[in-house]
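In listed order, ligands and their atoms are each counted from 1.
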Amino acid sequence: MWPFKLRTTKRLRSMLSKLEQHITMENSVLSEALVSYRQLDQLAYRMGLLSRDESFALRIAWWPMISVLGTFSSGKSTFINTYLGQDLQSTGNQAVDDKFTVVCYGGESEPRILPGMALNGDARFPFYQISREIEKVAEGEGRRIDSFLQLKTSNADHIKRKIIIDSPGFDADAQRNSILRISSHIIDLSDLVLLFFDARHPEPGAMQDTLNHLVEATVGRQDANKFMYILNQIDTAAREDNPEDVVGAWQRALAQKGLTAGRFFTIYNEKAAVQIDDETRKARFQKKRDADMADITARMAEVEVERSYRIVGGIEKLAKYIEESIVPELKGYISRWRTRVLWGDAVFAVIIAIIIGAGLSSIGMGLDGLSDWLVSNKVLAIVAGASVFSVYLLFHFWWRRRVARNIEKRIPEQKGPGDPNLRLSFRNSVSFNRSVFQPDPIGWGKRTIRKMEGIIQSANQQTEMLNDRYTDPSGKRSEIASLDSQDAGELKV
Ligand SMILES: Nc1nc2c(ncn2[C@@H]2O[C@H](COP(=O)(O)OP(=O)(O)OP(=O)(O)O)[C@@H](O)[C@H]2O)c(=O)[nH]1
Ligand SMILES: [Mg+2]
């Protein structure tokens with residue numbers, strides 16, 4: 001039950017209650033985080049930053065999400081199958097995957113496959129309403145969501161309370177905007193991104209698109225540490241005179257795209273690997289592989305924890321973003337609007353004065369004559385004054401609307417996907433019942449700031465609760481395991 005009454009659409013309420021049920025089952029701290037997101041929604045509704053059929057809670061990924069991206073035939077699907085201990089995904093040397101597959105837990109022994117629409121319509125998944133996003137970058141493609149996305153269930157224990165995404169091989173030329181759009185969406189939402197490269201083709205040419213779109217474009221990100229760079233199929237280099245050259249070529253290619261620091265791994269899949277005849281070399285390769293695989297799987301196990309911090313941290317980030325970025329930007333638009341409206345008003349007042357002056361002088365009446373006339377014809381004077389004022393008011397409201405529309409056209413609806421709606425907020429802030437001298441956007445003021453601070457404070461408490469839960473100053477992390485086993489919830493389809 002929400003602790004406050006919301007005037008939202010029935011559809012939104014039903015989606016949120018579904019989400020709430022799952023989250024409550026899974027993690028009590030996160031259910032408090034959900035309340036904080038809903039409180040931010042409330043403020044955003046008042047500010048016009050969200051329409052009432054939207055919620056910030058539906059714009060974040062609640063489930064720990066690992067994505068596997070990279071060049072084609074680099075062994076992404078093979079890696080996922082091995083992780084699950086199940087041949088869920090098809091593999092092969094030709095480009096196999098042409099769509100993204102969201103793998104999540106399902107109780108049945110037989111995997112179920114659901115179309116992309118199932119993901120698009122379910123707020124529990126990170127692809128909720130992705131078709132809208134795709135439609136924005138590629139008209140008409142939003143309806144074809146089934147050709148880009150699918151959902152598969154697996155009953156592997158490893159995947160309980162996690163989502164893993166397998167992706168088509170990265171090749172920007174052949175990729176339509178929609179695939180690129182989904183890729184960036186996935187990267188934004190993932191807690192961990194495994195970027196796969198093929199050791200059989202370590203030269204930059206073969207992985208140019210991957211380097212450009214997935215490395216160069218992402219190295220500067222704030223969350224850059226969620227990327228793991230993996231050179232897979234390194235067993236194929238075992239027959240080379242100098243296997244290190246393969247790794248060297250790959251690292252140089254990454255460095256050329258600005259990636260000099262980061263975590264680099266070289267692995268291969270035991271089952272798919274070619275025979276390594278030289279026993280010493282085989283042992284060396286295995287040792288390195290085992291160490292790197294252990295790091296990768298440890299990090300994959302950690303995503304649940306990272307996800308909790310991401311969600312709770314997102315509350316303060318969003319609140320600060322509204323306060324420090326959205327509000328000043330809106331204030332800028334409002335001030336521009338006010339200046340233009342006041343200038344228009346002033347020019348119009350001068351024009352009226354000139355017209356009246358010209359009218360009076362044409363009938364030979366000076367200022368003295370006018371004041372005598374006003375004193376002796378009070379009723380007529382009031383009627384004349386009221387008429388002039390009405391004309392002025394009519395102009396004023398017509399003009400402020402016109403200026404508002406002009407400015408509105410230049411305001412981006414959203415600065416980025418999932419961002420608050422600036423245009424709607426501006427429109428409400430300059431509506432006819434708002435004073436032209438009001439500098440703040442609608443719904444913004446001391447009370448809102450105080451509420452925002454309250455929300456941030458409770459987010460900080462949630463972080464402390466997470467620290468209590470996940471950190472262990474004595475050095476033992478055993479409690480995590482016991483607490484996790486108490487949280488029996490899992491994302492079931
Ligand atoms: N030698 C060797 N072959 C591998 C390894 N991992 C996967 N393969 C083989 O590489 C081929 C491609 O593997 P996939 O798992 O289908 O690759 P993918 O990245 O999912 O490919 P797309 O979905 O087409 O982008 C298959 O024939 C696998 O058997 C490995 O570590 N070593
Ligand atoms: Mg594949």
Side-chain angles (χ1 to χ4, degrees), residues 66-103 111 113 116 147-152 154 156 159 163-176 178-180 182-183 186-187 190 193-202 206-211 213-215 227-240 243 246-247 250 264-278 281-282 284-297:
I66 300 169
S67 53
V68 184
L69 301 168
T71 55
F72 55 87
S73 290
S74 56
K76 303 179 291 295
S77 304
T78 309
F79 175 87
I80 291 177
N81 286 348
T82 306
Y83 180 75
L84 299 173
Q86 182 183 27
D87 279 341
L88 189 74
Q89 290 287 77
S90 309
T91 60
N93 256 327
Q94 259 75 48
V96 175
D97 285 295
D98 59 355
K99 55 178 86 158
F100 294 90
T101 306
V102 175
V103 183
I113 304 179
S147 51
F148 313 121
L149 264 181
Q150 65 179 358
L151 171 89
K152 276 192 191 175
S154 157
I159 191 114
I163 286 176
I164 294 192
I165 299 180
D166 193 8
S167 58
F170 208 83
D171 170 10
D173 281 350
Q175 318 242 356
R176 285 153 302 191
S178 346
I179 297 267
L180 289 175
I182 297 182
S183 299
I186 287 177
I187 291 177
S190 292
V193 180
L194 305 180
L195 261 194
F196 270 62
F197 295 85
D198 183 348
R200 296 172 300 181
H201 303 285
M207 49 181 180
Q208 204 56 49
D209 295 317
T210 307
L211 287 172
H213 289 269
L214 302 181
V215 178
F227 291 80
M228 285 178 120
Y229 302 90
I230 299 168
L231 186 61
N232 193 29
Q233 297 152 329
I234 195 69
D235 55 290
T236 55
R239 291 178 183 164
E240 310 264 331
V246 174
V247 182
W250 173 62
F264 307 105
F265 303 88
T266 46
I267 59 167
Y268 60 91
N269 190 287
E270 206 97 69
K271 272 202 218 149
V274 294
Q275 176 85 15
I276 305 177
D277 297 326
D278 181 335
R281 191 170 270 198
K282 188 174 174 183
R284 185 157 59 86
F285 268 67
Q286 264 174 353
K287 196 170 163 214
K288 169 79 173 119
R289 185 207 98 100
D290 290 346
D292 283 6
M293 271 309 283
D295 280 354
I296 295 170
T297 40

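Defined by atom type and a distance below 3.5 Å, a donor-acceptor pair is present between the side-chain atoms of S77 and D166. Under 3.5 Å, the side chains of Q89 and N81 contain no donor-acceptor pair of N or O atoms. With 3.5 Å as the limit, one finds a donor-acceptor pair spanning the side chains of T82 and N269. Between the side chains of R200 and N93, at least one donor N or O lies within less than 3.5 Å of an accepting N or O.
The nearest protein atom to atom 18 (P) of ligand 1, hydrogens excluded, is given as K76 N, 3.5 Å; this is a heavy-atom distance. Scanning all protein heavy atoms for the shortest distance to atom 23 (O) of ligand 1 gives D97 OD2, 3.0 Å. The protein non-hydrogen atom at the shortest distance from atom 20 (O) of ligand 1 is S77 OG, 2.8 Å. When only non-hydrogen protein atoms are considered, atom 21 (O) of ligand 1 lies nearest to S73 N, 3.1 Å. Protein heavy atom nearest atom 3 (N) of ligand 1, with residue, atom name and distance: A272 O, 3.5 Å. The protein non-hydrogen atom at the shortest distance from atom 24 (O) of ligand 1 is V96 N, 2.6 Å. Among all non-hydrogen protein atoms, the one lying nearest atom 12 (C) of ligand 1 is G92 O, 3.1 Å.
Checked against a 3.5 angstrom limit, the closest N/O atoms of T91 and ligand 1 fall outside it. Ligand 1 has an N or O atom lying under 3.5 Å from an N or O atom of G169, backbone or side chain. For ligand 1, the polar-atom distance check finds no N/O of Y268 at less than 3.5 Å from any of the ligand's N/O atoms. Residue contacts with ligand 1: T236 is placed with no nitrogen or oxygen under 3.5 Å of a nitrogen or oxygen of the ligand (distance criterion only). The shortest N or O to N or O distance between G75 and ligand 1 is under 3.5 Å.
Under 2.8 Å from the Mg ion (ligand 2) lies an N/O/S atom of S77, whether from backbone or side chain.
Considering each of Q233, Q275, E270, the one bringing a non-hydrogen atom nearest atom 8 (N) of ligand 1 is Q233. Atom 28 (C) of ligand 1 has its nearest heavy-atom neighbour, among T78, D166, T101, D98, in T78. Among T71, N269, N93, D198, the residue whose heavy atom lies closest to atom 11 (C) of ligand 1 is N93.
The closest side-chain heavy-atom distance from V215 to L195 is below 4.5 Å. Side-chain contact between L194 and Y229: absent, with no pair of heavy atoms (C-beta onward) separated by less than 4.5 Å. Inter-residue side-chain proximity for F265 and D295 is flagged as met; some heavy-atom pair is nearer than 4.5 Å.
The ring of F79 has its center closer than 6.0 angstrom to the ring center of F196.
Contact annotation for D235 and ligand 1: only side-chain heavy atoms (C-beta onward) come within less than 4.0 Å of the ligand.
In terms of modelled atom types and a separation under 3.5 Å, the side chain of R289 and the main chain of Y268 share a donor-acceptor contact. At distances below 3.5 Å, at least one donor-acceptor pair connects side-chain atoms of K152 with backbone N or O atoms of L88.
Ion pairing between K288 and D292 holds under the 4.0 Å rule for side-chain N and carboxylate O.
The atoms of ligand 1 that sit less than 4.0 Å from any heavy atom of F72 are 25 (O). Of all atoms in ligand 1, listed by their number and element, those nearer than 4.0 Å to a heavy atom of N232 are 6 (N), 31 (O).
Relative ring orientation between W250 and F264 is described as perpendicular, the plane-to-plane angle rising above 60° on a 0-90° scale split at 30° and 60°.
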